[in-house]
Amino acid sequence: RFINEFEKKIAERFDRKYGIATSNCTAALHLSLVALGIGQGDEVICPNLTFIAPANMISLTGAKPVLVDIEEESWNLDPDLVKEAITEKTKAIIINSPNNPTGAVYHPDEIEALVQIANEFDLWIFDDMIYSDLVYCEHPYVSPATFEGGNERTLTIGGWSKIWAMTGWRLGWITGPKEVMEGVKTCQASSASHVPTFLMGSGKVALELTDEPRMFYEAFAERRNVFHSLLEELPGVKA
């Protein structure tokens, strides 16, 4: 069931059956942690270089964020180190691709390896992909849900702040398996009810746009190149 066509559009965009709008990505993560019952005594694996909010949300539930070193060349989670960090208390892995603050984008082989680990140890995957359309490398963003065994254990989290420059609107989304989405819906209904209804129409329109996000992408690419060239001109600096 959907509140309206807004949440249906969220699900369709990510080829999932269920989608829920939240007040932002952090809220989506918090609601899903609560819905999954992750709390005191549990552990959640995170990269040691990422946006601070996920570790904070994990700590607020009473669980422990386990910060795993990133791989030096790719700046992404090293699957071998992730496997070493898993204990009987581990419940989930958080992936942030493209990463904030590094900008690193997980290679499809890295994502597949993490999904295989999640399958082996029966872990949830939180896929923080709010920058998914702002990729400036040779390989695109790839969802863990596209690999074998990934769809039923991946919770995809995103929002309107980055791709559509709607930061102040405080809109996010989460998609995932039905049983988890029902839990998220219950948690949200008991706290915020739902996102403001007068924002839903604009959020739906944004999801349908194609030209405008591309214009943002190209403008950011130009600024990126200018910034990089100026860094390269600094004596003693290699960017």
Side-chain angles (χ1 to χ4, degrees), residues 1-14 16-40 42 44-47 50-65 91-101 124-134 143-145 153-207:
R1 296 182 293 112
F2 301 99
I3 290 178
N4 55 22
E5 290 298 310
F6 177 45
E7 290 192 332
K8 184 177 181 181
K9 181 61 67 174
I10 294 172
E12 289 175 350
R13 179 177 173 84
F14 301 102
R16 308 295 287 272
K17 291 183 178 180
Y18 306 94
I20 295 176
T22 63
S23 58
N24 53 36
C25 294
T26 304
L29 175 60
H30 181 245
L31 290 168
S32 56
L33 287 167
V34 174
L36 290 170
I38 293 177
Q40 193 70 39
D42 296 328
V44 178
I45 291 175
C46 306
T50 191
F51 187 50
I52 191 63
N56 286 346
M57 287 299 101
I58 294 165
S59 297
L60 282 174
T61 67
K64 176 184 176 182
K91 302 298 182 183
I93 302 171
I94 291 182
I95 301 172
N96 177 210
S97 176
N99 181 271
N100 177 2
W124 293 100
I125 299 173
F126 292 97
D127 178 28
D128 178 359
M129 45 72 75
I130 192 169
Y131 292 94
S132 62
D133 285 20
L134 298 174
S143 169
R153 66 180 65 253
T154 297
L155 304 176
T156 302
I157 294 173
W160 283 259
S161 295
K162 314 306 179 185
I163 300 170
W164 296 279
M166 295 169 64
T167 311
W169 294 61
R170 312 319 300 148
L171 282 173
W173 67 67
I174 179 169
T175 68
K178 179 182 179 180
E179 63 273 17
V180 183
M181 292 301 97
E182 289 294 338
V184 170
K185 186 184 300 181
T186 298
C187 291
Q188 177 157 262
S190 302
S191 56
S193 182
H194 53 73
V195 301
T197 54
F198 59 84
L199 299 181
M200 294 179 181
S202 299
K204 178 177 178 292
V205 169
L207 290 174

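Since we're looking at a predicted model, the values are computed, not measured.
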Euclidean distance, [Y] [atom2] relative to [X] [atom1], rounded to 0.5 Å:
X	Y	atom1	atom2	answer
Ile130	Ser161	CD1	OG	5.0 Å
Thr175	Ile157	OG1	CD1	9.0 Å
Phe126	Ile174	CZ	CD1	7.0 Å
Lys185	Glu7	NZ	CD	7.0 Å

Partners of [X] by side chain to side chain contact (heavy atoms under 4.5 Å, CB included), sequence neighbours excluded?
X	answer
Lys91	Ile38, Asp42
Ile163	Ser132, Asp133, Pro213
Asn96	Thr50, Asn99, Asn100, Asp128
Ser191	Leu31

List in chain and number order the residues that pass side chain to side chain donor-acceptor pair (under 3.5 Å) with Thr156, two or more places apart in sequence or in another chain; answer none if no residue qualifies.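 Applying side chain to side chain donor-acceptor pair (under 3.5 Å) to Thr156 gives Arg16.
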So which atom in [X] and which in [Y] form the shortest heavy-atom distance, rounded to 0.1 Å?
X	Y	answer
Leu171	Gly203	CD1-CA, 4.5 Å
Arg153	Trp124	O-CE3, 3.3 Å
Ser32	Val184	CA-CG2, 3.9 Å
His194	Gln188	CA-NE2, 4.1 Å
Ala35	Gly183	CB-C, 3.6 Å
Ser202	Trp169	CB-CZ3, 3.5 Å

Name the atoms and distances for all side-chain donor-acceptor pairs under 3.5 Å in residues 19-29, with sequence neighbours left out.
unit_1, atom_1, unit_2, atom_2, d
Thr22, OG1, Asn24, O, 2.8
Asn24, OD1, Thr26, N, 3.2
Asn24, OD1, Ala27, N, 2.7

Quick one: does any side-chain atom of Thr61 pair with a main-chain N or O of Ile58 as donor and acceptor, under 3.5 Å?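 Judged by distance alone, yes, a pair lies under 3.5 Å.
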Would you please test Ile95 and Met129 for side-chain contact (heavy atoms from CB on, under 4.5 Å) and show each step? CA-CA 8 Å; Ile95 301 172; Met129 45 72 75; over 6 Å; no
Contact between Asp127 and Ser143 at the side-chain level, heavy atoms closer than 4.5 Å - yes or no?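 Yes, at least one pair of side-chain atoms sits under 4.5 Å.
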Would you please name every residue forming a salt bridge (Lys or Arg N to Asp or Glu O under 4.0 Å) with [X], sequence neighbours left out?
X	answer
Lys204	Glu208
Glu179	none
Arg170	none

Measure the acute angle between the ring planes of Phe6 and Trp160, then classify it against the limits of 30° and 60° as parallel, tilted or perpendicular.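 Rings of Phe6 and Trp160: tilted, as their planes differ by 30° to 60°.
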Please lay out, stage by stage, how Trp164 and Leu207 fare under the test side-chain contact (heavy atoms from CB on, under 4.5 Å). CA-CA 9 Å; Trp164 296 279; Leu207 290 174; 3.7 Å; yes
Using side-chain contact (heavy atoms from CB on, under 4.5 Å), reason through Leu36 and Leu155 one step at a time and then give a plain yes or no. CA-CA 11 Å; Leu36 290 170; Leu155 304 176; 3.8 Å; yes
